[in-house]
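First comes the structure, then the notes that go with it.
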Amino acid sequence: MTNPTDLELIDRWRHEPAPLLPILHAFHDRDGYLSEEAIRTVADELRIPAADLFGTVTFYHHFSRSAPGQSAPRVCTGPICRLHGAETMLSDLQDQGATPMPCSGRCDVPIPVLKGHTTLSGLTAESLTPSRSPLPDPNPAGQVECVFAHIREPDRTSLAGYERTGGYEALTKAVKTLTPEAVIDMVDRSGLAGRGGAGFPTGRKWHYVRTAPGDPKTVVCNADEGEPGCFKDRTIMDYDPHGLIEGMVIAGYATGATRGFIYLRYEYPETELVLTQALAAAEAAGFVGDHILGSDFSFNLYIRRGAGAYICGEETSLLNSLEGKHPFPRNRPPYPTTNGFEDLPTVVNNVETLASVAPIVRHGADWYQSLGLGDHAGTKIISLSGDVRRPGNYEVPIGLPLQTLINDWAGGPLSGRTVQAVTMAGLSGGFLAGDDLNITLDDPTIRQKGSYLGAGGIMVFDDSRSMIEVAHDAMEFFAHESCGKCFPCRIGTTRLTERLNGEAKNLTHDQWLIEVEDLGRTMKETSACGLGQAAPLVTESLVRYFGDEVRKYVENSS
Amino acid sequence: MNQNGHHPKQKTIILNGREVAFFEGETVYEVAQRNQQDIPTLCYDDRLEPFGGCRLCVVDVEGMRNPVASCTFQATPGLVVNTHTERIETHRKTLLEMVVSENRELEVDPLRGYASQELTDLVSLYEAQTGRFQGSQSGTTNTEDDNPFIFRDYDLCISCYRCVRVCAEEEGDYAISIMNRGFETQITTEFNGLLKDSACTFCGQCVQTCPTGALGDLKAMRAASIPLPIAKTRTICPYCGVGCSVDVLTKGDQIVGIHPAMDGPANEGALCIKGQFAFDFVQHGDRLKTPLIRGEDGRFHPASWDEALDRAADGFQKVEEQYGRHAVYGVASGRAPHEAAYTMQKFIRAGYGTHNIDNCSRA
Ligand SMILES: Cc1cc2nc3c(=O)[nH]c(=O)nc-3n(C[C@H](O)[C@H](O)[C@H](O)COP(=O)(O)O)c2cc1C
Ligand code: SF4
Ligand code: SF4
Ligand code: SF4
Ligand code: FES
């Protein structure tokens with residue numbers, strides 16, 4: 001088989017929407033890296049200035065610009081993998097050209113190593129084997145689930161397997177019996193709110209898009225899942241791809257959108273395959289495409305792969321990335337609901353949010369609402385990892401006590417250990433520790449503690465861990481991922497990392513505290529997007545819960 | 001008109017306690033500017049799309065938890081805005097201290113560029129040079145870039161991207177862009193090569209909008225050591241028919257540099273390579289200082305002005321007598337001063353009664 005030519009690679013995509021990323025991936029896969037010649041050719045053909053395309057390529061962590069490039073091992077050095085010896089793994093694979101990568105969303109099977117389109121995992125370089133993403137255990141408390149209700153059914157990824165337990169019934173019900181407004185009303189009344197981090201009410205978002213002027217409208221599924229300690233979207237897509245697709249088509253019907261994108265993070269190559277096959281089956285069965293179920297509603301769906309940038313999970317950065325622009329976040333307002341993909345009205349929803357839609361439409365708003373505890377509506381998938389016996393994804397009723405999740409559901413800390421701290425929202429919510437571990441898992445409660453539930457990543461650190469080191473690694477992640485658009489975050493994440501890296505810059509304890517607080521306050525209140533606003537929660541909570549350790553650390557390092 | 005002097009239907013906001021009107025689409029920053037409320041900025045250039053990077057322009061808006069960037073935030077009726085609260089001023093000082101901490105130095109010669117003092121001035125205003133937040137420095141100098149016009153000293157860069165944006169939005173050249181991300185961000189050309197191998201036309205606009213002197217005007221910087229004040233004289237660039245306004249910078253009676261006039265009606269701060277950089281000929285050693293007349297031997301010989309003018313008048317007269325007044329055609333030089341060009345056309349029009357007058361810069 002001969003290699004495709006440059007023009008063949010480009011022609012395959014250039015007439016599809018959002019062609020830049022797939023074209024760059026095609027060259028990256030063919031050549032193993034993005035050569036100067038390749039970038040020039042793509043720039044010429046797509047009429048992008050060469051300097052712009054070059055700059056944008058350098059933004060993405062996973063695009064190599066020299067050999068060994070695409071196939072060289074990338075070792076996850078995220079917070080959990082570091083606990084398991086990721087740095088040793090990295091140096092053991094040095095002779096193969098290994099490079100580190102931030103959390104790649106497999107905290108439940110450490111240590112993942114990405115090689116080309118394959119994810120290996122193992123605790124040592126010798127034991128690395130290709131690994132599938134784990135299926136969630138049956139719900140430990142026998143709770144009624146929404147997203148995971150049928151995920152453990154065999155053959156769930158095939159159309160037949162999906163349809164066996166009511167798959168695509170919700171779409172059929174919506175298209176044949178409900179008006180778009182009725183669907184929106186149902187989602188609104190269910191209490192479903194965004195599961196990607198910000199928690200915005202989904203029904204209201206859809207309503208804004210439905211009533212916004214401008215066509216065509218777009219549904220974007222945010223499958224970038226870059227938050228360290230989050231790996232729930234991967235599980236949903238790997239085992240229930242049709243659940244996501246059905247949710248997206250319903251979102252299209254409700255909002256009047258005629259096209260959709262799944263923006264999938266680079267680190268999930270196997271997932272791309274699962275989604276591609278499911279999409280082809282759904283298209284063949286008439287659930288996606290023109291005149292869905294014989295109606296006059298049409299919806300086309302495209303899968304696009306990111307290239308390694310946490311900020312591309314931020315919805316406006318994601319839209320710029322899809323459009324082939326430099327992926328800085330946009331200024332808001334205006335919001336994507338009116339000025340999204342190609343400046344037209346756009347729904348951006350998380351995978352879990354969209355995967356909740358079909359069950360809601362099937363079983364009704366009241367059913368979903370009632371899944372939460374007390375006044376809280378619905379369920380949330382928590383990616384639990386770190387120092388617990390049974391890390392993994394758990395679908396919890398909103399309002400479940402954190403201690404119940406850790407101790408009863410996940411088996412508690414390892415023997416002889418106690419839980420020292422947990423993170424919230426992956427890393428973005430900072431730490432909770434001490435008495436604040438006695439919270440319930442719902443946003444009002446967690447926000448009272450100065451944190452938030454976010455995408456639901458919770459990492460557990462027991463009493464054998466240095467929280468200064470954990471905080472340092474967390475801040476280093478934010479510094480690595482800061483896009484560089486705004487001053488407070490670009491400079492602040494680096495300054496905070498430096499204040500945690502053992503050098504402490506000859507500051508007295510008091511000076512250290514004041515500098516860290518001043519940096520944090522200005523980052524929190526003036527940063528242009530959620531990354532810079534959230535990063536200082538790490539230092540803020542470190543100082544709050546671990547004041548003594550901080551004092552000792554500063555005094556020893558200056 | 002109501003008591004504040006607004007038409008009753010005019011939409012207003014409350015700016016620092018005073019009701020002021022705004023136009024549809026205006027940002028809070030623009031409204032504040034019009035009302036003489038000075039808001040500090042570093043990434044702002046009123047010719048460019050607002051970017052929202054430096055965050056110095058943040059203001060308090062009633063009902064919003066966090067301050068908002070006034071440069072990107074549009075005014076809406078009834079907005080209550082405060083531009084200089086204590087918390088806002090503290091943020092500004094902290095932001096400036098952070099920026100100071102990432103650079104090698106702060107003081108740069110004003111000859112580096114039109115906006116080169118913006119950062120220094122703000123740092124003095126906010127007394128922000130405190131030595132706080134020390135740590136690694138950002139940016140990698142590219143002073144080896146081999147070109148006679150633009151100094152690239154990215155140790156002083158603060159990643160405001162005004163250079164990149166002016167090149168794209170005003171010049172339309174897209175010669176420079178942003179490489180890497182976060183603290184590793186770097187201004188680059190395609191494949192990080194030299195400016196002369198890029199799409200750059202050396203218009204100098206990036207230099208003139210740079211607020212730190214990270215980009216410097218190499219021609220002007222030659223005169224940095226002359227211990228005289230810089231004087232500015234407003235004129236029009238003589239090179240072509242566009243008529244760009246410029247400020248000629250002089251030290252004593254030496255021309256040391258050119259600034260584009262930001263309020264020039266034809267150019268709004270833009271120039272081309274010639275208007276920006278090509279002024280050396282004025283004081284060039286090769287310039288003629290006395291008239292020369294070609295002698296019988298075919299060579300030039302120094303002559304007095306009277307001799308030279310007589311000789312020229314003689315030649316003109318012969319042409320006119322022999323072929324008529326329309327046989328005379330004058331072409332003034334783009335490198336001559338405007339006064340000379342004016343005199344020249346007067347000479348041709350009034351003296352010969354013909355419209356055969358042109359200028360080499362009419363191209
Ligand atoms: C730095 C940053 C990273 C983000 N990453 C993700 C992500 O990986 N996945 C996601 O769904 N949302 C992410 N978000 C939130 C999105 O901006 C957006 O709120 C979300 O996709 C909306 O979908 P939802 O309403 O269904 O949650 C991120 C936000 C920020 C500020
Ligand atoms: S907060 Fe950070 S990630 Fe967000 S725009 Fe600013 S620099 Fe970029
Ligand atoms: S001199 Fe002009 S063309 Fe060259 S980089 Fe600067 S703005 Fe762009
Ligand atoms: S070189 Fe100057 S204008 Fe360009 S980003 Fe740096 S500081 Fe801003
Ligand atoms: S002027 Fe508004 S952020 Fe720089």
Side-chain angles (χ1 to χ4, degrees), chain A residues 36 39-40 43 48-61 65 309 311 326-334 478-495 497-499 503 505-507 511 514-515 518-519 521-528 532-533, chain B residues 42-43 49-56 58 65-69 71-74 87-88 90-99 101-102 132-136 138 158-161 164 167-168 173-192 198-200:
Chain A
E36 182 172 327
I39 295 174
R40 279 195 196 281
I48 303 171
D52 280 7
L53 184 56
F54 169 72
T56 297
V57 164
T58 66
F59 190 93
Y60 294 104
H61 179 82
R65 284 188 297 115
I311 193 61
H326 202 74
F328 281 156
R330 299 175 181 173
N331 298 310
R332 293 168 305 170
F478 288 123
H480 183 256
E481 299 300 328
S482 165
C483 77
K485 173 177 176 170
C486 78
F487 288 20
C489 166
R490 180 178 59 82
I491 307 172
T493 51
T494 290
R495 289 293 175 263
T497 307
E498 289 167 338
R499 269 137 197 79
E503 293 171 22
K505 302 287 166 202
N506 291 324
L507 300 171
Q511 286 170 329
I514 292 171
E515 281 204 359
D518 286 355
L519 288 167
R521 188 185 323 107
T522 292
M523 288 166 71
K524 228 171 141 170
E525 294 187 7
T526 71
S527 287
Q533 291 162 9
Chain B
L42 278 172
C43 71
E49 288 291 312
F51 181 66
C54 73
R55 315 308 283 177
L56 283 179
V58 289
R65 187 165 46 98
N66 279 345
V68 301
C71 71
T72 57
F73 196 81
Q74 288 196 356
R87 112 161 147 158
I88 293 294
T90 308
H91 281 317
R92 288 179 183 148
K93 182 169 182 188
T94 304
L95 285 166
L96 287 165
E97 288 170 338
M98 288 164 83
V99 173
S101 76
E102 69 166 328
R132 299 175 81 211
F133 308 138
Q134 286 189 10
S136 52
S138 66
I158 58 172
S159 301
C160 69
Y161 313 127
V164 174
C167 187
D173 275 348
Y174 300 87
I176 48 178
S177 64
I178 304 161
M179 183 177 167
N180 305 330
R181 61 188 188 209
F183 206 66
E184 306 295 321
T185 293
Q186 181 74 37
I187 305 302
T188 187
T189 57
E190 55 196 73
F191 309 101
N192 209 11
S198 76
C200 174

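Here is how names work: the chains are called A, B, and so on, in the same order as the sequence lines, proteins then strands, and each is numbered from 1.
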When rounded to the nearest 0.5 angstrom, what is the spacing between [atom1] in [X] and [atom2] in [Y]?
X	Y	atom1	atom2	result
B:Ser198	B:Asn192	OG	CG	11.0 Å
B:Glu97	A:Arg495	CD	CZ	12.0 Å
B:Cys71	B:Arg55	SG	CZ	7.0 Å
A:Thr494	B:Met98	OG1	CE	9.5 Å

Answer with side chain, backbone, both or neither: which region of [X] has an atom nearer than 4.5 Å to a non-hydrogen atom of chain B?
X	result
A:Arg330	neither
A:Phe478	neither
A:Ser527	backbone
A:Asn331	side chain
A:Ala43	neither
A:Leu53	neither
A:Thr526	both

With only heavy atoms counted, which part of [X] is less than 4.5 Å from chain A, the side chain, the backbone, both or neither?
X	result
B:Cys43	neither
B:Phe73	side chain
B:Ala69	neither

Under a 4.5 Å cutoff for heavy-atom pairs, which residue among [options] has the most contacts with chain A?
options	result
B:Ile158, B:Val99, B:Thr94	B:Ile158
B:Cys54, B:Gly52, B:Pro67	B:Cys54
B:Val58, B:Thr188, B:Thr185, B:Leu95	B:Leu95
B:Glu102, B:Arg87, B:Arg65	B:Glu102
B:Asn180, B:Ile176, B:Leu42, B:Asp173	B:Asn180

Exercise. Return the orientation label for the B:Phe191 and A:Phe54 ring planes: parallel under 30°, perpendicular over 60°, tilted otherwise.
Key: tilted

Exercise. Would you name the heavy atoms of B:Met179 and A:Arg65 that are closest together and state the gap between them?
Key: CE-NH2, 4.3 Å

Quiz item: What are the two closest heavy atoms between B:Ser159 and A:Phe487, and how far apart are they?
Solution: O-CE1, 3.7 Å

Self-check item: Under 3.5 Å side-chain donor-acceptor pair for B:His91 and A:Thr522
Solution: yes

Quiz item: Charged N to carboxylate O below 4.0 Å: is that the case for B:Glu190 and A:Arg40?
Solution: yes

Quiz item: Going by an N to O cut-off under 4.0 Å, is there a salt bridge joining A:Glu481 and B:Arg181?
Solution: yes

